[in-house]
Each structure stands twice: as structure tokens, then as C-alpha cells.
Undergrad: 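If you scroll down you'll find the structure; I have some questions about it.
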Amino acid sequence: MDKFVIRNKKLPDSSTVLPTESPNVESSTVERIVESSSVDINVDYSTVDGNVGSSRQKRARTETTCESDVIFDPSMRKPINDYDPQVRDNIRREYVVKGPCQPFSHNFPKTIIAKRPRCFQVEWFNKWDWLEYSVSKDAAFCFWCYLFRGDVVKRSGDDVFVKSGFHNWKKACEKFREHVGGVGSAHNEARIAFFAFKDQRQSLTRRMISCSRELNVAYRARLTASVDVVRLLLGQGLALRGHDESKCSLNKGNFLEILDWYSDRNLDVQKVVKENVPNNHKLTSPQIQKEIVSACASETTKVIVSDIGEKFFSILIDEARDSSVKEQMAIIVRYVSNGVVMERFLGVVHVIDTTTLSLKSGVVEFFTKHGLSISKLRGQGYDGASNMRGELNGLKTLILNENPCARYIHCFAHQLQLVVVAVSQSIQFVSDFFEYFSMITNMVGASCKRKDEFRQKQHECMVEKLEKGEIETGRGLNQETTLTRPGATRWGSHYTTIIRLLSLWPSTIQVLENIFHDGTEMKTRGVASSLVEKMESYQFVFIAHLMKVTLGLTNVLSQFLQQKDQNIIEAVSLVQSTKRQLLELRNEGWDKFLQGVNDFCTQNDIAILNMQDKTHGRFRSQRGTTNEHHFHYDIFNEVVDQIGMEMDNRFSESSTELLTCIACLNPKDSFSNFNLPKLLRLTELYPQDFSIYDRMELPEQLQMWISEMRGNEVFSTLLNIGDVAKKMVDVGIHTVFQLVYRLIELVLVLPVATATVERAFSAMNIIKTDLRNKMGDDFLTNCLVCYIEKDVFRNIDNEVIIQHFQNMRTRRLDLPPLHP
């Protein structure tokens, strides 16, 4: 063994710092050591000899491992021996870190075997820790044999637990014991190889290196510093890499720059990070940065999945393109934890196309990867695209075929936006108004000069109003704003557009007049003159105020739906309130509304029409009618009626049986909507969650529960079902009324809006920009998980991340946990 020991100079590793003071060692000696080792030690040959080309080729084969190569479902995996030998141990290490596929919460399907329904038993996971279960194939596999059995088949049937899978549940225990076999069986040999591989201290490379305590302390300090910097950058959504990361560069990137700044202000860190760093130090390399990010994201996701546990959950899904024009599908899970509604981001999935089958395949693979079971799915929330909500082949239909309890709810916020868009496009007067407003926006903001002029006019108007006492000063008041065009996919943008136009009316008029007087092109001057004339017409002002009032009512609902902790009862209740307010505006709001329009016209020197005069319309329907009839009935009532009609059509779900039953749990007015038969009917809509005995016990439990709710002052002031769940957990009666609390959980997990998914896409635009458009899918997901779920990420201890990083591949130095 002495001939293999390299004195003073140790082999460099991607994550280990070793001294390098001695003369160079022959590359043949190094290669003999590498070939004699059973683990991938990831040697950087460029530090040993001049064979840089072969070094890059070997590293390229070694670093091809990515998270997409590791598939959780055992029936979908590529055989371990089909991987390149250079990456085989890396693949094994990834699987060892993730562990066997054991979906404890899955609802295992029953199969008729020997005239009796039989299925996989979850307690088998606790009895045989090597056992895996494939959700897609309903079969059992052996985790150890997949990783280390090899191609040798010592006995007939040994490869069943590796290739085809075992599914004869009648003789399962007998076959499991037979698969384990005796001392020299293939399974036991795989077991020995598994634990030897898992114990990094048994590797040949470790035995060659006598690591001192000082070396371990220095290594931990360097690794901790790198983890601290990565955590800081991930929490702020900042890039890690730089354009030139050499020592003399002035643009090393955020990671190296902050690491230098951190070490300069901490003498203990400076000694191990800067002063005593060997030349083969690679803890700051791009590969190690990505591995640390992966460890951070994996531990964050593990906390979220562990919090979900056996609970019911829903999914919220939407697709969008990133900066590299890739179609990304963001997945959010919604569940109830200790009475609190949680919406957590789990990742993005790159889909080649947006067909229904591709989306369904991406969802199933994603669930399998994170150990989630589709049998626990109780809700689906999408944006309403045809490939999502299709009744025959939509994604929601395919999932409902597999799990009938996964109720589909069309995103309420998206439906509300469709109401606004439909009104803005179907009514001619409103459509013309938004067309003219787009022309005004383009004209005013066509150049930097015009924008500067617009800002100056706005500033002068603000100063004038302050001098007259019409507005007040204060923090956050009277900020500089600009005109923006409404977007069909931006919630609330139509309402914001109207508000800005009315508040910036004088400045807009003045800028258009200046364009008319100072313009050099006759076409531009003519358009500016026409727009000024249009803005000074009474009808333009009337429609602007009408849209402000009507969209203002729906905007309250839109803002409400974008909150994270909303439930279906509150959403339906507010939808009904919005409809009532629209009806009240139509029946009783005309006089007040007309007075507001006239006041605005007076302030801005716009001629006010006499409502009793005959209208001068160009259409036959307008001839012979008065201005009051035209504005009151042809415009005012038409717009309000159209919005009300669209609200009824878009929110038809509010009349379904499911939501009618759910409304019985509303705590308003001392649970005035409580209805025992409807709540019992609700349990029939979720047959998988309430057994026959539960349904027999539930009526008495509901009667006791409603008596407690109405008689206890603690629950008398609650306004929504979410507060009821929180208070039940705080008081501790959720364990007493378990079946009732299960009903409440099912109500709360139903998705209301996909606002959290939209926020995830906003975060993706921060993480993956045009300058960072080459980010891989796995790296993008890891960064997004840490950035979006930073409240979970911040509570993860550094030691947990370090241990995960150590277990991702074979490291030269072993870092035992500080807190075993």
C-alpha cells in the first residue's frame, strides 16, 4: 500500500482542500490510484501534468450528472449499468441521497388476486427498508439491487425486483424474504456494497489520507463561508457567477466578491479562505456553487414536503416562457398546516409542448420526484386555458379520471379579468375609448423628450394644486406616475389605466397641445389635434368615469383574490357582494354618477351637455333620442348590465352543489348558513376521505360542534372559515372534532386564484434574465425554490446543508455532524 501513497501532495478533489507544496508526482502514479479506487474521485489532471485536453474530456464525462437523470419512480429508471462508467458513481450518490421511493401517503390500488382484492401494504416499508414502490406500474422494486446488483443473475427470478417489478401481493411477504435469501445472495451482496458506498470513510482515497483535526476544521470553515455567501445571494435572487473570475479581475461576480469582502472583515475566515489556501482549492468553483445551491433547494423542498405529510393538498399550475424562450410550468401546492392555509412553490418543469399529455406527464413525474401521491390531491387550479380545463381531454379531466376527488376550480382572478376584457371588447363605445387611450399613451410616450415634458407638466400641476391647498404632502403621496396601456393578462391594469388618465388629465392635454403646435410632421400634428378634441368631448369623459366606477367595484374583488390565504367561501361571498353592488349602481347610482362627471368637466373646462337636448349621433338608433336616453340607457345601463351578465356566466361555479354545501360552514352571523343535510352530502362528494363509519358518526359530531361554536365566545367574532380552523387548532378542539376539521381542511385546500403562480413567474424574471438566459432547468428550479420560499430556507441550519452537500458525492474529508 505504501507505493500508492503520495507523500506531501494529495490528489485534488472538487470539494477538498489539501496541501500542495511537494514536487509534482508522475501522472501514471495518479492514474493507478484512480483506477484502483471504486469511487469517483473527480481528479483535476490539469494540476498534475500538462495533459489538459484529456483532463477536460474526463471532467466533461464526470460532470454530466444532473437532477433530471435521477428519477424517483423505480419503473421509469434507466438501468444503472447503462450509464457511462465515469458518471455511474455520481448517479448512485444522487439516489443514495434521495433514498428509496416509498410513497407512504399513496392510496394503493386494489387488484383481484385469488378472488380477493389485494394491494400493497404501507407497513412493508417499515419492515424492509430496501423496498420501493412504483406508482405508475403498481409494483415493488429493490433499491439496493438496482444500485449494486450488477448484471450477474445467480438465481432465476433475481432480476424481478430490478427490471419488471413484483406485484403478486398475495405472496408478497414470502417473496420478499425469498428475494433477501441467504448470506451469499445477490441481494445481500448488494446490501454490503450499498452500505460500503454510503460510508465515505471506507473509500480507498480516505484511507490514503491521514486527515488531521486542523485540516478538518479548515475545510469546514471554507465550506461554511461558501454556504453563507450562497445563502445570501439566493435570498436576494442575485447571480453567483461573474464575467471573469480570475484573481486579478475586477468583475469576479457576486459570489467571489462577497466572499472576499466577508473574509476581509473576519480574521478567522481570512486565514483559511485567503492566506492558507492550497492551489487546488475548489470550494469556490462553479460546480461547487451549483452543488451548494442544489443542497439548499433540496433541504428547503424536503421541509415543505415533510410539512405536507399525509395532508390533503391542491395544485395550482400555469405556464409561461422564460427569457430563453422555454415553456416552463410552475407548480404550487396548497394545503392546511395547523389551521393555516399554505401555498408553497415546489419548482418549475420544462415542457417541450403544452399538449395535455405532456402536461399530465410532467405533473406525474414531478409528483413522483417529490414523493407526493395524486391520491391525496383534492383540488386543481388553472388559468382556464383549453388544454387545462377541456371537458374531454383537458389536464383537469385526465387527473379527475385518476382521482375523482381532485375538484377543479377555474381561477377566480382570471375569470374576473376575462369579465373586464369581454366588456372592453364587446361594447363599441368602451372599445373605442380604450383604442383612443392607447393612441394617447403612444403619442405622449413616443420619445424621451415627450416623456420629460410630460413629467415637467405633471410637476407644475402638482405645485399649483399644493399652493391652492387641493392636495396634501406626505410620505408616499403624489408620486410621479406615467400613462400605461391596459393588458389583457395583467389583473387590474384596466382600472389602473383609467385612474392614471383622470389624475393626469391636465398634463396629458398640455403635452398633446404642445405636440400640435411644435410638431414638424403634419400627420403627427393632425393626430394630436384629434386626440385633444376627443379628450375634450363629454362622451369620452363620461365613459372614462363609468369605467372607473364599474372597474373599481370589480378591482376590490381582484385585490381580495390575490391574497394567499383566501378560501372558496370568502371568494364566493365577495363575488355575490360585487354583483349586488353592480345592481345597486344600476338602480340607484345614476344621479350621483352624473354629478361626478359634470364636476370633473367643470374643473377641466369641458362643455357639459344638456341631457334634454336631442343627440347628434351618427347611427339611426341615436336619431330622435335625447342625451339623457343615450348616456343613461345606451351607455350606462348597457355597460353595467354587460358586466353583471359576464359575472353570472363566468362565475357559474357559485351555483354548483359542491359550493352550495361548502357555504354551510360560513361562520358569519353565528353560522346562520349551517345545514346538516348539506354537510352530510359534502362527505358523499369525497368518498375516499369518509368511511361508512365516519358518515354514521359525523351527524352527532356536527351537532356537538355547532353547539360549541355558537356557545363559545371565542368563536363568536370569526368572519371566515380560515379563522375557524386556526382557532380550533389554537384551542385544541380540532382533535376532538376530527371529522369536522377534516371537512374544513377539504374546503380550505380548494384553490381560489393562481396569484401565487403569477408571483413565481415574476420571480423567474428576476432569477433568469437576458444576461443569464443559459441557466439550466435544474439550476433555475433550485434558485427559485430558495428565493420564493425564503421564509423556509432561512430557518434551515447551515449544518443540515453542509451534511447534504457532503453526501451528494464522495468527498476527501469527512465532516461528522456537529450536533449528532
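Side chains included, hydrogens not; waters and symmetry mates left out as well; all remaining heavy atoms used.
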Undergrad: Verify ring-ring contact (aromatic ring centres under 6.0 Å, His included) between Phe636 and Phe631, making sure each step is shown before the conclusion.
TA: CA-CA 6 Å; Phe636 183 83; Phe631 287 102; over 10 Å; no

Undergrad: Any chance the side chains of Ser358 and Thr355 put a donor and an acceptor closer than 3.5 Å?
TA: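 Short answer, yes.
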
Undergrad: Could you go step by step and tell me if Leu531 and Val527 meet the side-chain contact (heavy atoms from CB on, under 4.5 Å) rule?
TA: CA-CA 6 Å; Leu531 293 178; Val527 173; 4.0 Å; yes

Undergrad: Going by the rule salt bridge (Lys or Arg N to Asp or Glu O under 4.0 Å), which residues pair with Asp777 if we only count those two or more places apart in sequence or in a different chain?
TA: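 Expected list: Lys326.
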
Undergrad: With distance as the sole test, does Gln380 use its side chain to make a donor-acceptor pair with the main-chain N or O of Ala406 at under 3.5 Å?
TA: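 Yes: the side chain of Gln380 pairs with the backbone of Ala406.
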
Undergrad: Listed by chain and number, what are the ring-ring contact (aromatic ring centres under 6.0 Å, His included) partners of Phe313, not counting sequence neighbours?
TA: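 Phe313: ring-ring contact (aromatic ring centres under 6.0 Å, His included) contacts with Phe367.
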
Undergrad: What heavy-atom pair brings Ala571 and Val752 nearest, and what distance separates the two atoms?
TA: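 Where Ala571 meets Val752 most closely, the heavy atoms are CB-CG1, 3.5 Å.
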
Undergrad: Is the backbone N or O of Leu551 less than 3.5 Å from a side-chain atom of Asn555, with the two atoms forming a donor-acceptor pair by type?
TA: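 No, because the side chain of Asn555 does not come within donor-acceptor range (under 3.5 Å) of the backbone of Leu551.
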
Undergrad: Keeping Gln415 on the side-chain end and His410 on the backbone end, is there a donor-acceptor pair under 3.5 Å?
TA: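 Yes, Gln415 side chain to His410 backbone: donor-acceptor pair under 3.5 Å.
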
Undergrad: Just by modelled atom types, is the Gly381 backbone N or O under 3.5 Å from a matching donor or acceptor in the Arg334 side chain?
TA: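 Not confirmed, Arg334 side chain does not pair with Gly381 backbone.
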
Undergrad: Go through the structure and list residues passing side chain to side chain contact (heavy atoms under 4.5 Å, CB included) with Ala528, not counting sequence neighbours.
TA: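 Checked Ala528 against side chain to side chain contact (heavy atoms under 4.5 Å, CB included); matches are Ile515, Phe516.
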
Undergrad: Can you name the closest pair of heavy atoms from Leu685 and Cys405 and give their distance?
TA: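 Where Leu685 meets Cys405 most closely, the heavy atoms are O-SG, 4.2 Å.
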
Undergrad: If you compare all heavy atoms of Ser314 against all heavy atoms of Val749, which two are closest, and at what distance to 0.1 Å?
TA: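 Ser314 and Val749 have their closest heavy atoms at OG-O, 2.5 Å.
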
Undergrad: Taking only residues two or more places apart in sequence or in another chain, which ones pass ring-ring contact (aromatic ring centres under 6.0 Å, His included) with Tyr633?
TA: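 Testing Tyr633 for ring-ring contact (aromatic ring centres under 6.0 Å, His included), a comparison that skips the adjacent residues, returns His629.
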
Undergrad: Of the non-hydrogen atoms in Phe651 and Phe412, which two are nearest, and what is the gap between them?
TA: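 For Phe651 versus Phe412, the nearest heavy atoms are CZ-O, 3.6 Å.
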
Undergrad: Indicate the atoms forming the closest heavy-atom contact of Leu398 with Thr356, along with that distance.
TA: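 Leu398 and Thr356 have their closest heavy atoms at CD1-CG2, 3.2 Å.
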
Undergrad: Does the side chain of Asp770 pick up a donor-acceptor pair with the side chain of Asn773 at under 3.5 Å?
TA: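 Absent: no donor and acceptor within the cut-off.
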
Undergrad: Could you check if a side-chain atom of His494 sits within less than 4.5 angstrom of a side-chain atom of Ile498, using non-hydrogen atoms only?
TA: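 Not touching, per the 4.5 Å side-chain cut-off.
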
Undergrad: Do Phe674 and Cys664 come close enough that some side-chain heavy atom pair is under 4.5 Å?
TA: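 They are not in side-chain contact.
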
Undergrad: Can you tell if the side chain of Val444 reaches within under 4.5 Å of the side chain of Lys451, non-hydrogen atoms only?
TA: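 They are not in side-chain contact.
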
Undergrad: Just wondering, do Ile315 and Leu377 contact through their side chains at under 4.5 Å, heavy atoms?
TA: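 They are in contact (side-chain heavy atoms under 4.5 Å apart), so the answer is yes.
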
Undergrad: If every non-hydrogen atom of Leu780 is compared with every non-hydrogen atom of Gln328, which pair is closest and at what distance?
TA: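 Here Leu780 and Gln328 meet closest at CD2-NE2, 4.0 Å.
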
Undergrad: Is a donor on one side and an acceptor on the other found under 3.5 Å between the side chain of Ser529 and the backbone of Gly526?
TA: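 Answer holds: no.
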
Undergrad: Has the side chain of Asn627 got a donor or acceptor atom that lies under 3.5 Å from a matching backbone atom of Asn610?
TA: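 The answer is yes, because a donor-acceptor pair under 3.5 Å joins these two groups.
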
Undergrad: Between the side chains of Asp599 and Gln595, does any donor sit under 3.5 Å from an acceptor?
TA: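 Short answer, yes.
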
Undergrad: Evaluate the side-chain proximity of Leu359 to Met329: yes if any heavy-atom separation is below 4.5 Å, no if none is.
TA: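 Touching, per the 4.5 Å side-chain cut-off.
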
Undergrad: Between Phe542 and Phe593, does the ring-ring contact (aromatic ring centres under 6.0 Å, His included) criterion hold? Intermediate values first, please.
TA: CA-CA 9 Å; Phe542 183 91; Phe593 170 76; 5.2 Å; yes

Undergrad: Distance-only, no hydrogens or angles: does the Asp669 side chain make a donor-acceptor pair with backbone N or O of Ser672 under 3.5 Å?
TA: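 Not confirmed, Asp669 side chain does not pair with Ser672 backbone.
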
Undergrad: By side chain to side chain donor-acceptor pair (under 3.5 Å), which residues pair with Asn598, not counting sequence neighbours?
TA: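 Partners of Asn598 under the side chain to side chain donor-acceptor pair (under 3.5 Å) test: Tyr538.
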
Undergrad: Does the gap between the ring centers of His414 and Tyr382 come in under 6.0 Å?
TA: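 Centroid distance His414-Tyr382: not below 6.0 Å, so no.
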
Undergrad: Test your reading of the model: is there a side-chain donor-acceptor pair from Ser558 to the backbone of Thr554, 3.5 Å cut-off?
TA: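 Here the side-chain-to-backbone pair does not exist.
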
Undergrad: Using side chain to side chain donor-acceptor pair (under 3.5 Å) as the criterion, list what pairs up with Glu319, not counting sequence neighbours.
TA: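 Glu319 satisfies side chain to side chain donor-acceptor pair (under 3.5 Å) with no other residue.
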
Undergrad: With no hydrogens and no angle check, is any side-chain donor or acceptor of Asp322 less than 3.5 Å from a backbone partner on Met764?
TA: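 Side chain of Asp322 to backbone of Met764, a donor-acceptor pair under 3.5 Å: no, none is there.
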
Undergrad: Excluding sequence neighbours, so at least two apart, what forms side chain to side chain donor-acceptor pair (under 3.5 Å) with Asp641?
TA: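 By the side chain to side chain donor-acceptor pair (under 3.5 Å) rule, Asp641 matches Arg586.
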
Undergrad: So, do Asn604 and Phe600 sit near enough that their side-chain heavy atoms are less than 4.5 Å apart?
TA: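 Yes, side chains in contact.
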
Undergrad: A side-chain contact here means heavy atoms from C-beta on lying under 4.5 Å apart; do Arg378 and Asn403 qualify?
TA: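 Of all side-chain heavy-atom pairs linking Asn403 with Arg378, at least one is under 4.5 Å.
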
Undergrad: Applying side-chain contact (heavy atoms from CB on, under 4.5 Å), run through Ile643 and Leu582 and close with a yes or a no.
TA: CA-CA 8 Å; Ile643 292 180; Leu582 288 171; 3.6 Å; yes

Undergrad: Who pairs with Glu628 by salt bridge (Lys or Arg N to Asp or Glu O under 4.0 Å), at least two apart in sequence or on another chain?
TA: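 In terms of salt bridge (Lys or Arg N to Asp or Glu O under 4.0 Å), with neighbours along the sequence ignored, Glu628 is linked to no residue.
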
Undergrad: Output side-chain donor-acceptor pairs under 3.5 Å for residues 500-514, partner residues at least two apart or in another chain, one line each.
TA:
| from | atom 1 | to | atom 2 | distance (Å) |
| --- | --- | --- | --- | --- |
| Arg500 | NH1 | Thr482 | O | 3.0 |
| Ser503 | OG | Ile499 | O | 3.1 |
| Ser503 | OG | Arg500 | O | 3.1 |
| Ser507 | OG | Gln458 | N | 3.4 |
| Thr508 | OG1 | Leu504 | O | 2.7 |
| Asn514 | ND2 | Glu453 | OE2 | 2.4 |
| Asn514 | ND2 | Gln510 | O | 3.4 |

Undergrad: Would a line drawn from the ring center of Phe312 to the ring center of Tyr335 be shorter than 6.0 Å?
TA: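 Between Phe312 and Tyr335, the centre distance exceeds or equals 6.0 Å.
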
Undergrad: Does any pair with a residue in residues 399-426 pass salt bridge (charged side-chain N to carboxylate O under 4.0 Å, His left out), and if so which ones, sequence neighbours excluded?
TA: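 Applying salt bridge (charged side-chain N to carboxylate O under 4.0 Å, His left out) to every pair that reaches into residues 399-426, excluding sequence neighbours, yields Lys360-Glu402.
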
Undergrad: Sub-3.5 Å donor-acceptor pair from the side chain of Thr781 to the main-chain atoms of Val348, do we have one?
TA: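 Looks like yes, one N/O pair under 3.5 Å.
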
Undergrad: Give a yes or no on whether Gln559 atom CD has more than 12 heavy-atom contacts from other residues, nucleotides or ligands under 6.0 Å away.
TA: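 Yes, the 6.0 Å shell around CD holds more than 12 heavy atoms from other groups.
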
Undergrad: Between Asp452 and Lys449, is there a side-chain N and carboxylate O pair less than 4.0 Å apart?
TA: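 Answer for the salt bridge query: no.
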
Undergrad: How would you list, by chain and number, every residue that makes a side chain to side chain donor-acceptor pair (under 3.5 Å) with Ser431, sequence neighbours excluded?
TA: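 Side chain to side chain donor-acceptor pair (under 3.5 Å) list for Ser431, sorted by chain: empty.
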
Undergrad: So Met611 and Thr626, do their side chains get closer than 4.5 Å, heavy atoms only?
TA: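 No; the side chains remain at least 4.5 Å from each other.
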
Undergrad: Less than 3.5 Å apart, any donor N or O on the side chain of Gln581 or Ser577 sitting next to an acceptor on the other?
TA: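 Per modelled atom types, Gln581 and Ser577 side chains form no pair under 3.5 Å.
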
Undergrad: For Arg525, give me all partners under salt bridge (Lys or Arg N to Asp or Glu O under 4.0 Å), at least two apart in sequence or on another chain.
TA: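 Partners of Arg525 by the salt bridge (Lys or Arg N to Asp or Glu O under 4.0 Å) criterion come out as none, since no residue qualifies.
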
Undergrad: Quiz question: by atom type and distance under 3.5 Å, do the side chains of Ser324 and Lys768 form a donor-acceptor pair?
TA: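 Lys768 and Ser324 do have a side-chain donor-acceptor pair below 3.5 Å.
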
